Colleague: 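Below you will find the structure I want to go over with you.
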Amino acid sequence: MARDAEAGALAGAVRSTCPYCGVGCGVVAQADGRVVGDTTHPANRGRLCSKGSALAETLKDGERLTRPLIDGRAADWTQALDLVAQRFKATIAEHGPDSVAFYVSGQCLTEDYYVANKLMKGFIGSGNIDTNSRLCMASSVAGHNRAFGADVVPGTYEDLELADLVVLVGSNSAWCHPVLHQRLLAARAKRPIRIVAIDPRRTATCEDADLHLAVRPGTDVALFNGLLAHLADQDQLDHAWMAAHAEGFEAALAAARQTADQTAALTGLDPADLARFYQWFASTPRVVTVYSQGVNQSSVGTDKVNAIINCHLATGRIGKPGCGPFSITGQPNAMGGREVGGLANQLAAHMRFDQPEAIDRVRRFWRAPNLATKPGLKAVEMFDAVLDGRIKALWIIATNPADSLPRADRVREALRACPFVVVSDCWPNDTTALADVVLPAAGWGERDGTVTNSERVISRQRPFRAAPGEARADWRVLAAVGQRMGWKDAFSWTSPAAVFREHAALSGFENAGSRPFDISGLAMLTDGQYDALAPVRWPVRWAGDEGGRLFGQGGFATPNGRGRLVPTPWRPTAARADDAYPLVLNTGRIRDQWHTMTRTGRVPRLLAHTGEPRAALSPTDAARLGVTDGDLMRIESVHASTVVRATVDAGQRVGDLFLPMHWTDEFCSAGPAGRLVNAALDPISGQPELKLTPVRAEKVAVAWRGLLLHRAAVRPQGVAYWSRVPLSNGHAFELVGSDALPAGAALTRFVEGLLHPPAGAEWLQLTDAGRGLLRVAILVDGRLEACLFLAAGEGAQLPPRDVLAALLGDKVTDAARPSLLSGRAPGGLGASGVKSAGRTVCACFSVGLVTIRDAIVANRLTSAEEIGTCLKAGTNCGSCIPELKEILRDVHASA
Ligand code: SF4
């Protein structure tokens, strides 16, 4: 990772970094338009997952925001910037600096983040800047600060490959951090590495584990307290290391004391499984414990983090090859945001508000007499303050809180009530729809700056295409507003390199080794060196020095340099199931989607594996509710209710539901899962409990099912449920009704509400009341605009989607018209003349379930590797391999 390496020097190609998860894979945007893995990047060495592999397909301008909008009308930048600056200034003048706020994002580049933080904390004089990383990482930040004295991830990805035991806690890495997961599996293929997965759900990751502990939701603290007590009882502690480098062991152990029976009762785990895990941990010198959202997104998240770190500090398993607690971030630049101080309770460059000398230091460095001196409002509190009128001007950048925050309807209410809302984004979404001013942002491939991944590696995101229309980089827009608000000199950068140099200089200002986050060795980069910057791990204190593992020999950022074991007495989560809401709802990511689908939801093959937000529940709960696979189910919390389809999943614990977090009103009648989710907060980190909302569920009657194929992304009206997936030439909708289909004129109105036929459309219809069938095709200028198939009955059969979808937009001859209503393309097969490949399993190579099953039978395949050789499925990112194994088992079982 030499800093002066040849980054960006490929002929006609540009090196950059994937904009999705915190693994931070390097990519190469090639001159032929393809985006491939960067074989020189230390995070991925050329590998990409399904999302990264589809990056080129997200680069369509389509509905991009290209001009500033004021009250929905196009404006020029001067008008928009003047208005934003004037409204923020006026609000501050009348109501004080805490009456305004910024809500930013782990999608922002470090340079964007730095300028936003400097503007809010340094010059506006409020701590009211928070980031959507609050939903993702805040408990890890708080846990790191408590234990290490600074927000530091001590290890590197290589540690997962060097460990003999990897413990994955609340981390479905096979789907959420696929490239890192594949690195682990590749290392395990060469030598034994035990994997333990701790997760209430049996996820794809658990399929690769030697032991799966299906822990009761929210009880990880009890599990790791039990481990600390076991390590003490078995005298498996590193007393010498603790004596030299740590403190707080006795108090932490006293708080962790519980019997093995108590641990089993609290966690719901088999005592034998618990004993095996504890024995493996105790007897394995090289252990890495990886944790992510299952740990962080909890009202006891910070304690979970410290309970894990306690076990590593007590055994000295930190900062050494193959050892350490390892927080993996969800977003591409959650770490960069933490580095600049993008969280409301941080100041800047890993300095905090509880350090008076730090406040003075940052004030002098920025020459900011109005510097904020206290933390601002954290995400959930911030939107509460918007709703109750304390915050009167809000600027949201690169995030979609109208869908992603808990109690999403309340957030929308807050945005409607707020006197002035500015939203900077690339795409229209449910948040831009509620803005007074919308500012078009440059997106991935157009932006120029840096990001930091989960192993502290700073990488460049480089531009390789022009931003559409008048879209601009967020840092430029923020700086322009700062200048207009009266701080010309402080916001006078002319390049992202200049912003980065200032950020790097601040990290080293009066540091002298006291703060681990120090990249002052990069503060003198020329513009050319910044352009060519190769991935580099911090700290970077001087030229040639590059960071590695931290804390192996102590040197923590606490006042006495010792790592702190923190007492984490067991306490239950704030939210719990009860008689009224007897189930608990867990929300999370799926394999091929990202956040609220503003990019990945536009790529057909990324919706081919999972095309709708199904709620998974255990067979026991399904039987109790009378629900079978594919049925409609109403889920209700105290905040909202929604209707989704059910998946009966033997990997779900009894009493638990799982719902993907990605879908919005744009893609499905169910809307965002965030509507249902409660806002119980961790008292230290302020992170909301996104994985544990009490709910109840019931079956919804199904009277008919339908398939709609349409050129346009219409929103069907009058149905119990719809979901939409994009196609290359239109959209496919699944429809379900819970009331009988109407008749006569009411039926015509109902069908029009589904089809939204354009004026002058030609209408073909077949109604068979006896069989409960309705089929409609509409043509515009002789081309197929839409077709609709409705069939009465709960188990109604519909024609396969991909057979007719290929005809959307095509000219339809007179001879072919009757076949449209028969549900078959002319010729009886798909337009391509081949039968349907079935639901997509491998998104990287678009390999369907039917194709895989046929190949297993025809070629007598017995392993995922053989399927890969035959069909390529599973040979890129590998995240479908657990599913390939399941299909193999299923085919062989039914043979
Ligand atoms: S694992 Fe996938 S989503 Fe994450 S950075 Fe790598 S390519 Fe992107």
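Remember, it's 1-based here, ligands and their atoms both numbered in the order they're listed. Being a predicted model, the structure only gives us computed values, none of them experimental.
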Colleague: Is it true that the side chains of T596 and D403 contain a donor and an acceptor less than 3.5 Å apart?
Modeller: no
Colleague: Would you call the rings of F517 and W538 parallel, tilted or perpendicular, taking 30° and 60° as the class edges?
Modeller: perpendicular
Colleague: H595: what forms a side-chain hydrogen bond (donor to acceptor under 3.5 Å, both in side chains) with it, not counting sequence neighbours?
Modeller: R589
Colleague: Distances under 2.8 Å only: what protein N/O/S atoms are near atom 6 (Fe) of ligand 1, ordered by chain and residue?
Modeller: C25 SG
Colleague: Can you list everything that forms a side-chain hydrogen bond (donor to acceptor under 3.5 Å, both in side chains) with D151? Sequence neighbours excluded, please.
Modeller: H144, R338
Colleague: Answer with yes or no after comparing the ring centroid distance for W444 and Y20 against a 6.0 Å cut-off, counting only values under it.
Modeller: no
Colleague: If the condition is side chain to side chain contact (heavy atoms under 4.5 Å, CB included), which residues does R602 pass it with, not counting sequence neighbours?
Modeller: E63, W427, T598, E666
